[in-house]
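Reviewing the structure listed below.
Convention: sequence-line order gives letters A, B, ...; per-chain numbering from 1. Just the heavy atoms: all of them, side chains too, but no hydrogens, waters or symmetry mates, feed the values below. Please read these numbers as outputs of a predicted model, since none were measured by experiment.
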Amino acid sequence: MDAYELITRNAEEVVTDEEVRELAAEPEGKRVYVGYEPSGVLHLGHLLTANKLIDLQEAGMDVVVLLADVHAYLNGKGTFEEIRETAEQMRAQFLAYGLDEERTEFVYGSEYQLDEEYALDLHTLELATTLNRAQRAMAELQSGEAAKVSHVVYPLMQALDIEYLDLDLAVGGLDQRKVHMLAREELPELGYEVRPCLHTPILADLTTGVGKMSSSEGVTISMEDSTEEIEQKVNSAFCPPTRDPEPDEDGNERENPVLELFEYHVFPRFETVTVERPEKYGGDLTYDGYEELAADLESGELHPADAKSTLATYLDELIAPGREKLREFRD
RNA sequence: CCGCUCUUAGCUCAGCCUGGUAGAGCAGCCGACUGUAGAUCGGCUUGUCCCCCGUUCAAAUCGGGGAGAGCGGACCA
């Protein structure tokens with residue numbers, strides 16, 4: 001797989017393709033980042049961008065993981081001390097998951113976001129950005145929460161981070177799109193360079209296949225799940241024998257979350273996938289890629305129940321090391 | 001600074017006027033049917049009624065005080 005392919009595989013979009021191709025031509029030493037608001041436990045959403053970071057490391061790039069403690073503070077996530085604690089746990093889980101410790105730089109936002117120069121740039125950005133624009137870019141509010149000034153400052157800081165971390169590429173879930181577009185538009189106004197960005201898909205909700213999987217509602221598989229919990233959650237997932245399910249009664253688009261997890265979590269990390277199946281149902285199956293597996297699910301060759309038990313096994317293997325780390329923190 | 005409104009199950013809310021310690025829908029859980037899930041059918045669970053004080057035999061309900069949230073006005077002009 002060449003660098004460009006490695007960098008862009010499983011990406012929902014890159015902005016712009018030309019700029020990313022340029023990076024791919026000479027990936028060695030380029031700095032890329034994802035910012036995470038510290039939370040104690042990583043879930044599959046976090047791990048999706050982590051998969052991309054692993055790809056980028058493999059392509060030769062240097063990875064910066066921003067542990068966004070100031071952002072968490074702005075979002076009302078507690079005191080700095082509490083946020084630090086969860087950030088440390090997060091860091092340990094990322095390393096356990098498979099980020100290369102040698103090529104990963106973990107940075108706390110507070111290391112530079114409180115500097116005078118940063119603050120002045122932030123105010124310049126505030127001056128240049130309409131409330132409406134900032135509001136559209138800000139992170140989703142929890143239901144019932146009222147928008148605060150902190151919430152609109154939040155995305156502006158994300159934009160500045162791209163400059164201050166001296167990055168060549170910004171990575172995030174598709175929900176970060178508006179922030180990145182804001183950054184591309186406003187950074188030049190401050191005399192800074194425009195950087196390309198890359199967005200991963202947003203996984204569908206496990207039980208319904210609708211919308212996005214989130215930790216605040218619905219079912220999420222996370223680093224703290226036991227083998228049994230993973231089996232149980234995967235087994236209760238929505239899984240019609242198709243990769244393109246019909247919309248639900250309310251007309252909402254639905255995905256097949258089981259296939260999504262194979263595509264975005266299992267196959268990127270495993271060369272081959274073996275489905276263990278009783279002789280009664282045809283015996284074991286082996287897949288080298290997502291397409292074959294998806295095709296077999298659609299044709300009926302692979303039954304959803306077997307797909308699920310296999311998925312649970314592989315997810316458990318991915319999660320086990322992080323689960324171990326979390327246990328250490330809690331003892 | 002002033003005024004108005006709201007606070008009841010995980011969520012959205014009804015009940016309050018005319019006191020008798022609580023309900024609906026959705027969600028959730030369990031079972032049936034499917035070799036998964038969903039859909040369908042059957043069953044079940046859930047509460048410091050925001051807090052404190054008072055009136056009363058009895059307060060979610062009436063009175064007083066307080067807290068939190070939302071909205072509006074005024075000031076700046």
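Rounded to an integer number of Å, the gap from A/L206 CG to B/U36 C1' is 12 Å. As rounded to whole Å, 8 Å separates atom P of B/G35 from atom OH of A/Y281. The CG atom of A/D248 sits 16 Å away from the P atom of B/C26 (whole-angstrom rounding). Residue A/R277 contributes atom CZ, which lies 16 Å from atom P of B/G35 at whole-angstrom precision. Following rounding to the nearest Å, A/Q232 (CD) and B/G28 (P) show an atom-to-atom distance of 14 Å. Rounded to whole Å, atom P of B/U36 lies 17 Å from atom CD of A/E231. One can place CD of A/E276 at 23 Å from P of B/G35, the figure rounded to the nearest angstrom. The interatomic distance linking A/K233 (NZ) with B/G38 (C1') rounds to 19 Å, in whole Å.
Distance check on atom P: B/C33 versus B/C51 gives 46 Å, rounded to whole Å. For the P atoms, the distance linking B/G15 with B/G20 amounts to 14 Å, nearest Å. For the C1' atoms, the distance linking B/A60 with B/U8 amounts to 7 Å, nearest Å. Between the C1' atoms of B/C71 and B/G23, the separation comes to 30 Å (whole Å). B/G63 and B/U7 have their P atoms separated by 15 Å, with the value rounded to a whole Å. Comparing B/G38 with B/U5, their P atoms are spaced 46 Å from each other, to the whole Å. Taking atom P in both B/U40 and B/A59, the straight-line distance is 44 Å, to the nearest Å. B/A77 sits 28 Å from B/C4 when the P atoms are compared, rounded to a whole Å.
Counting any heavy atom pair closer than 4.0 Å across all strands shown, A/P245 reaches no nucleic acid atom. Among the heavy atoms of the strands lying under 4.0 Å from A/D306 is at least one base atom, whether or not backbone atoms are also near.
Under the Watson-Crick or G-U wobble criterion, with both distances below 3.5 Å, B/C29 is paired with B/G43. Under the Watson-Crick and G-U wobble criteria, each requiring two contacts below 3.5 Å, nucleotide B/A77 is left unpaired. Under the Watson-Crick or G-U wobble criterion, with both distances below 3.5 Å, B/A60 has no partner in any strand shown. Nucleotide B/G35: unpaired (no Watson-Crick or G-U wobble partner with both distances less than 3.5 Å). In this structure B/A69 sits in a base pair with B/U5, meeting the Watson-Crick or G-U test at under 3.5 Å. When both distances must be under 3.5 Å, the Watson-Crick or G-U wobble mate of B/A22 does not exist. Partner assigned to B/C17 is none, using Watson-Crick or G-U wobble distances below 3.5 angstrom.
Taking a centre distance below 5.5 Å and an interplanar angle below 30 degrees as the stacking criterion, A/F238 does not stack against the six-membered base ring of B/G38.
With respect to the salt-bridge test (charged N to carboxylate O, under 4.0 angstrom), the residues A/K30 and A/E19 do not qualify. Between A/R31 and A/D168 there is no salt bridge, since no side-chain N of the basic residue sits under 4.0 Å from a carboxylate O of the acidic one. Salt bridge status for A/R195 with A/E163: present, with a side-chain N to carboxylate O gap under 4.0 Å. For the pair A/R243 and A/E291, the salt-bridge criterion is met [side-chain N within less than 4.0 Å of a carboxylate O].
Taking the six-membered ring where the residue is Trp, A/F270 and A/Y314 present perpendicular rings, their angle passing 60° and hence far from 30°.
In the set B/G38, B/U36, B/G35, the nucleotide with an atom closest to the side chain of A/R254 is B/G38.
Geometrically, A/R91 does not engage A/Y108 in a cation-pi contact defined by less than 6.0 Å to the ring centre and at most 45° from the axis.
Aromatic pair A/Y36/A/F94: centroids less than 6.0 angstrom apart.
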